[in-house]
Amino acid sequence: MTTPLVEMDGDEMTRVLWRWIKEILIEPYVELKTEYYDLGLEHRDATDDKVTEDSALATLKYGVAVKCATITPNAQRVEEYGLKRMWKSPNGTIRRILDGTVFRAPIRAEGITPYVSGWKKPIVIARHAYGDIYNSVEDKARQGERAYIVVTDADGRELRRSLIHDFNDGCGIVQGVHNTEQSVIAFARCCFKYALEHKMPVWFGAKDTISKVYDHRFKDIFNEVYEREYKAQFEDAGICYLYTLIDDVVARVMRSDGGMLWVCKNYDGDVMSDMVATAYGSLGMMTSVLVSADGKYEYEAAHGTVTRHYYRHREGGETSTNPVATIFAWTGALAKRGELDGNGELTLFAKRLERATLKTIEEGYMTGDLVPLFKKEGVTPVKLNSKEFLQAITERI
């Protein structure tokens, strides 16, 4: 390697898998160069979360990052880890700084049958990675208080205000969210570029009938960008762009055979990507990459830290935790680094490791979550623990 990857370590069982993947699958074959950032919860707390911002800024500098799954603390985690405060989602912080689009696609292996039997082709989720509740401002309201949206000029002079709610009858809660037109335009362009590259139709759903300003602006911007910049290219490629209400998109997706880029606002994409991943077999079988408008890439596993397995591992027990999404985060980052640096050997290795991982599953060797889903004539699935699975992959590299 010539240029380092930005390496963002994480928490719990995925942190354990992270170390094993490097030791077993990467370091024996690659002279690995990384700029390391420890995003484990204890270190984030010790640095007042500055390490998270530093890792995102390093991604802007080097262009490619790979991230382990991390804990977003709730009240229980604050007590468990003795934290100074309830830190925000590290993913939210990184996505705010990079301001891009998260593309999530299922990792498909022969023999793994989707729960939704009609889905024959991959469904890719495009999730806006800026704003909404991930950068929200929240507060509690006491009885008798009123909450407003207040807009001022640059000098702080009030221009207008809108009443959110009069809490005359009791206490309540309020939340303020925002987005920027610049970010939504970049989101639209990222989605249309991805669709053209992969020859996939684009389906976008929001709730503009209810959110007549916020969601409606998403709808209008996507339509403006499509008509002005991409319509002719889509027609030449034989693909289409569809906007409809999100509940209609959900119904269409469930009835479809797959094969589309499903564009979602931030929160919608968070939820729907887990649904799609699980429907294809497992949360451990999905790729995830954040792409910024200026061509920066952050690859990650699209699942949590597998807390239950970590507690068992910490007590000395064996676990059969699925590492495939984390492996593909590494291979995605290595392949992109190789592509950007003109390092064909590095890209070739990354693709070889992906094929070896899928071949291991297709030959019947897998972690426990995949065993009930595996149906392949003449092959009886064998459940392996996590380290055994990684070692089985090395036999096929």
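Numbers here are sequence positions counted from 1.
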Polar side-chain atom of R96 near backbone of Y130 as donor-acceptor pair, under 3.5 Å: no
Look at the aromatic rings of Y214 and F218 and report parallel, tilted or perpendicular, splitting at 30° and 60°. tilted
Can you tell me how far apart SG (C240) and CH2 (W203) are? Round to the nearest 0.5 Å. 8.0 Å
Out of V324, T367, I107, I393, which one pairs with I361 under the side chain to side chain contact (heavy atoms under 4.5 Å, CB included) rule? V324
Is a side-chain donor-acceptor pair under 3.5 Å present for E339 with T347? no
How long is the span from the CD1 atom in I94 to the CD atom in E53, to the nearest 0.5 Å? 10.5 Å
Starting at CG of L17, measure out to CD of E12 and round the result to the nearest 0.5 Å. 12.0 Å
Using only heavy-atom distances, determine whether the side chains of S183 and H128 contain a donor-acceptor pair under 3.5 Å. yes
With S288, which of K67, R104, E298 fulfils side-chain hydrogen bond (donor to acceptor under 3.5 Å, both in side chains)? R104
To the nearest 0.5 Å, atom CG of L245 lies from atom CG of D208 at 5.5 Å
Test salt bridge (Lys or Arg N to Asp or Glu O under 4.0 Å) on D11 and R44; report intermediate values, then the result. CA-CA 11 Å; D11 288 299; R44 277 184 275 146; 2.9 Å; yes
Relative to each other, are the rings of Y134 and Y267 parallel, tilted or perpendicular (30° and 60° limits)? tilted
Salt bridge K88-D49, side-chain N to carboxylate O under 4.0 Å: no
Students often mix this up, so state it plainly: with edges at 30° and 60°, are the rings of F192 and F222 parallel, tilted or perpendicular? perpendicular
For the CD1 atom of I24 and the OH atom of Y29, what is their distance to the nearest 0.5 Å? 10.0 Å
With rounding to the nearest 0.5 Å, note down the distance linking NZ in K376 to CD in E362. 5.5 Å
Under a plain distance cut-off of 3.5 Å, with no hydrogens placed, do N91 and S89 share a side-chain donor-acceptor pair? no
Just checking, is any N or O donor in the side chain of Y36 or D9 under 3.5 Å from an acceptor N or O on the other one? yes
Let me see the working for K84 and D45 under salt bridge (Lys or Arg N to Asp or Glu O under 4.0 Å), right down to the final yes or no. CA-CA 7 Å; K84 299 172 186 173; D45 190 61; 5.1 Å; no
Check whether D215 reaches the backbone of T209 with its side chain - one donor and one acceptor, N or O, closer than 3.5 Å. no
Under 6.0 Å between the ring centres of Y241 and F234? no
How are the rings of W18 and W330 set relative to one another: parallel (under 30°), tilted (30 to 60°) or perpendicular (over 60°)? tilted
